[in-house]
Amino acid sequence: EHESDDDSYEVLDLTEYARRHHWWNRVFGRNSGPIVEKYSVATQIVMGGVTGWCAGFLFQKVGKLAATAVGGGFLLLQIASHSGYVQVDWKRVEKDVNKAKKQLKKRANKAAPEINTLVEESTEFIKQNIVVSSGFVGGFLLGLAS
């Protein structure tokens, strides 16, 4: 009367699914290519521009909010310290900051190959989609300015 957990799930074989659904191969197949190439140059520029503007606008708003929060936090810390509510051990802060710098340098040296691979992949993507990428950059700059 009780079904086991194995019976309640359906297994989907993606290779079989791809054979039966041709659109899946067109979108995700090896020779699918960038989907955006199917649109005209003007459409690609508009698509890149609109998405770039949205990203730039959000980046600007989030950046202002983060700067306000960090600046406000430092201001409150200084006021509290000046008023005697908080005693800051600046030597300990400096020691911890130097320790964090050393750890970041170690991690940065280890992460360099992954970063280089990411940069290479990004460069290749931009080269293959130069029209959309240029529209995105223009829209991003406009979004930052607005």
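What you see is a predicted model; the values in this text were computed from it and never measured.
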Inset, instruction - Could you tell me the separation between the CD atom of Q128 and the OG atom of S133, rounded to the nearest 0.5 Å? - result: 10.0 Å

Legend entry - Single-linkage hydrophobic cluster, 4.5 Å side-chain cutoff, V132 and V50 together: no

Inset, instruction - Identify the two heavy atoms, one from T43 and one from S40, that lie closest to each other, and give their separation to 0.1 Å. - result: OG1-OG, 2.9 Å

Inset, instruction - Look up atom CZ in F136 and atom CG in L141, then write down how far apart they are to the nearest 0.5 Å. - result: 10.0 Å

Legend entry - L77 side, atom CG; Y85 side, atom OH - distance, nearest 0.5 Å: 14.5 Å

Inset, instruction - Mark yes when over 12 heavy atoms from residues, nucleotides or ligands other than Q103 sit less than 6.0 Å from its CD; otherwise mark no. - result: yes

Legend entry - Spacing of NZ belonging to K64 relative to NZ belonging to K61, to within rounding of 0.5 Å: 5.0 Å

Legend entry - Over all atoms of both residues, closest heavy-atom pair of S146 and W53: OG-NE1, 3.2 Å

Inset, instruction - Could you check if a side-chain atom of V93 sits within less than 4.5 angstrom of a side-chain atom of W90, using non-hydrogen atoms only? - result: yes

Legend entry - Same apolar cluster (I L V M F W Y, side chains within < 4.5 Å links), M47/I126: no

Legend entry - Verify same cluster id: L144, V62 (apolar side-chain graph, 4.5 Å): no

Inset, instruction - Using modelled atom types only, decide if a donor and an acceptor are shared between the side chain of T51 and the backbone of G48 within a distance under 3.5 Å. - result: yes

